[in-house]
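In what follows, chains carry the letters A, B, and so on, assigned in the order in which the sequence lines appear, proteins first and then strands, with residues in each chain numbered from 1.
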Amino acid sequence: MLKENDPAREINDLTLPQNDKLEELQEKGIKLYGGKYVRTHLARQLIEDYPALEGQKVNVAGRIMAIRGHGKASFANLQDGSGKIQIYLRLKDVGSESYQIFNRLDVGDIIGAEGNLFKTRSGEVTVAVENFTLLAKSLRTLPEKWHGLRDIELRYRQRYLDLLVNPQVREVFVSRSKIIQAMRKFLEQRGFLEVETPMMHLIPGGANARPFTTHHNALDLDLYLRIAPELYLKRLIIGGLEKIYEINRNFRNEGISTKHNPEFTMLELYQAYADYHDMLKLTEELIYAVAQEVPGTPVVVFEDVTLNLAPPYKKISMLEAVKQYTGIDFSGLGETVKARAAAKTLNITVEKDDSWGVILNKVFEEKVEANLIQPTFILDYPIEISPLAKKKEDDPRLTYRFELFISGREIANAFSELNDPLEQRMRFLKQVEKRQAGDEEAHMMDEDFVTALEYGMPPTGGLGIGIDRLIMIMTNSASIRDVILFPLLRPKE
RNA sequence: GAGCCAUUAGCUCAGACGGUAGAGCACCUGACUUUUAAUCAGGGUGUCCGGGGUUCGAGUCCCCGAUGGCUCACCA
C-alpha cells in the first residue's frame, strides 16, 4: 500500500488512463526516454525550402501536438522550436508493430521521425514517416489545443505550458530577447563596454526603495540585494571606464502590480564628459533604434493608443508641465508654505515636512504623469528627490535630471551626475535625516562611494531604462508579468 | 496593505428559483489509407478552491480562510 504522499502514488493517480499504455510500451521494449536525436531539418525549413527538399529523406523531432488517426494511416503535427510540421504514417510503410506503438502515443509525447518529404492532396508539406523514435513520454495531458491555456494563474505558474500552447506568448519572449539584443548592439556600436557589478550590496543605494536582505554565512555578514547598480557603475567611471553599461536585475522589496515585479531588469549606462542633454539624445536614439528592429517600426499600438517612438520627443520642464496641467506656476512659489497651499487647492495631500520640491513632484505625479502618453521628457527635477544628480547652476532648487514618460509610465531616468564629493556627502546626510525620520526608502550614507568621488569623477551623464516596461510597450503587453517569464507569485499552498 | 471580481473534469467553459453535477477538446473502446479543430458509434474520468454555518436538502445562500485578476496605495 502506497503512503498518502508517496510520489509514486501521485504518478499512478495522474496517469491512470495512460498507465496501461506505459506498461504496454515497456513490455515491447520501447524506451520511454531516449537520448540524442540528430535532426536534419527544422519544421520551418521543411516548409520554406519545400521545392528543394521535395522527395528528400529528412529527420525531424518535436512534440506531438495533434494526432489524427485514420485506421491504417495516421497524421500528426510535430512542433519544434521553429514551428510545426505534419507527419504521415502508414501501416504499410512502418510495419504493424511500429504502427501499433504509434497508436499508443499521446499528444504531448516527443518523438523523432524519419521519412521523405511530400505534399498532401490539400497541399500541406508532410513527412511520410518510415521510422520514428520515442524521445520523451508525457505523463500529463497538455492543455486544450483550440482555446490554449487561458487561466492566468496557471500560465504564470506553469509558463512552459503557456509557451507550448500559446504561440503569441512565445512571440513576446522572442521579442524580448531581440529587443535586449538590439540594445546591446546599439551600445556596442557607440563604444559602450558592458560590465557586471555586484548584486549583493553592503549599502543599498542608487535609488529610493526598500531592499531585500540576505546573509553571507562565512563572513557572517548581512547584505542587501541591490536596488540599483548606480553607485558601482560610477565607481567604474572614476576608474577610467568612460562609457559603460549594465543590463541586469534590480530587486525592490515593494508591492506587486501590473507595472511592478520585485525583480526587474534595468539598463543603466554612464558616459564620462557628457551631461543629461547627451543622455536625452541617446535615449531617443536608442529607443528608436530598438523599435526599428523589434517590432520593426517606431509606430506601435499600446493599450489601444498609437504611439510614435520616432524622435524628437516632446521636452518640457517639470515646472512648465505642472503649470500647463494645473495652471499653477510653482516657480514663483518660492516658499514652501505657498507651495503647500497651492497643492491643497489641487486636493493633493502633503505631509508636514514636505518641502517645495517634494510638493512640486507630488503635484506632477498626480496631475501630469498620467497625461504623458506620447513619449515626453520631463526635465529639471527638484533637488530633494534627486540626491545623486547635479544641481542646476541657474536654479539650485532643481537638478539636471529628466525622466521619459510613455503611456503615462516612467520609462527612463537620467541626470548629469553629481561629482562634487563634498556636496554628495551633504546630500547623503540629508537622506540619512529623512531615514531617521522614518523614510525607509531614503538613502543610507555611503562613505565608500564618497571616498571614490573624492578621487575625482569626471562630469558624467547617467541613464537608466526600465527594460520590462519598454518591452511591454513594444509588445503591447498589459502586465509586466506578461514580459517576465517567471513573475513572482505567492506559493500555491 | 484596502476594495471589487473569479475559482466546477487534465484544459476551455455552462450550470434560473436551493432539489441526484453538464458540454466541447483531451482520454478510453471500436470503425476508417491524404487528414488538418478529421469524421462516425459508444464511454464521464469530479474534494464544484478549503473550512464552518443556515436548511429536510448547498456548486448555488451566509461567515472565515487560500490563491489569482483588476483598481487603489507604495514604487521603476
Q.
Nearest heavy atom decides the nucleotide; on that basis, is A/L105 or A/K92 closer to the 5' end of RNA chain B?
A. A/L105

Q) Side-chain N or O of A/T258 less than 4.0 angstrom from OP1 or OP2 on B/U71? A) yes

(Q) Tell me whether A/R176 forms a cation-pi arrangement with A/F173, defined as NZ or CZ under 6.0 Å from the six-membered ring centre and within 45 degrees of its axis. (A) no

Q.
Give the residues of residues 481-489 of chain A touching RNA chain B, defined as any heavy atom closer than 4.0 Å, sorted by residue number.
A. A/R481, A/L489

Q. Taking a pair as Watson-Crick (N1 to N3 plus N6-O4 or O6-N4) or G-U wobble (N1-O2 and O6-N3), both under 3.5 Å, which stems of 3 or more consecutive pairs involve RNA chain B?
A. B:1-7 with B:66-72, B:10-13 with B:22-25, B:27-31 with B:39-43, B:49-53 with B:61-65

Report all interatomic pairs (protein N or O, nucleotide N or O of nucleotides 23-26 of chain B) with separations under 3.5 Å.
| unit_1 | atom_1 | unit_2 | atom_2 | d |
| --- | --- | --- | --- | --- |
| B/G24 | N2 | A/E144 | OE1 | 3.4 |
| B/A26 | OP1 | A/K145 | NZ | 3.4 |

Q) Tell me, which of residues 152-159 of chain A have any heavy atom that sits under 4.0 Å from an atom in RNA chain B? A) A/I152, A/E153, A/L154, A/Y156, A/R157

Q. Distance under 6.0 Å and angle within 45° of the ring axis: does A/R159 meet both against A/F486?
A. no

Q.
Does either side chain, that of A/R226 or that of A/T197, offer a donor lying less than 3.5 Å from an acceptor on the other one?
A. yes

Q) Does the gap between the ring centers of A/F402 and A/F377 come in under 6.0 Å? A) yes

Q) What residue pairs, at least two apart or across chains, pass side chain to side chain donor-acceptor pair (under 3.5 Å) with a residue in residues 435-445 of chain A? A) none

Q: Give a yes/no answer on whether the side chain of A/R409 brings an N or O atom under 4.0 Å of OP1 or OP2 in B/A76.
A: no

Q) Taking only residues two or more places apart in sequence, or in another chain, which ones meet A/D275 in a side-chain contact (heavy atoms from CB on, under 4.5 Å)? A) A/H277, A/D278, A/S416

Q. Can you check whether A/F264 stacks with the B/A76 base, using ring centres under 5.5 Å and planes within 30°?
A. yes

Q: Pick base, sugar-phosphate or nothing for A/E441, based on heavy-atom distances below 4.0 Å to the nucleic acid.
A: sugar-phosphate

Q) Should A/R90 be listed as having a side-chain N or O under 4.0 Å from OP1 or OP2 of B/U33? A) no

Q. Would you say the side-chain atoms of A/E48 and A/Y50 include a donor-acceptor pair closer than 3.5 Å?
A. no

**Q.** Contact under 4.0 Å: A/R68 side-chain N or O vs B/U35 OP1/OP2
**A.** no

Q. Is any side-chain nitrogen or oxygen of A/R121 closer than 4.0 Å to OP1 or OP2 of B/U35?
A. yes

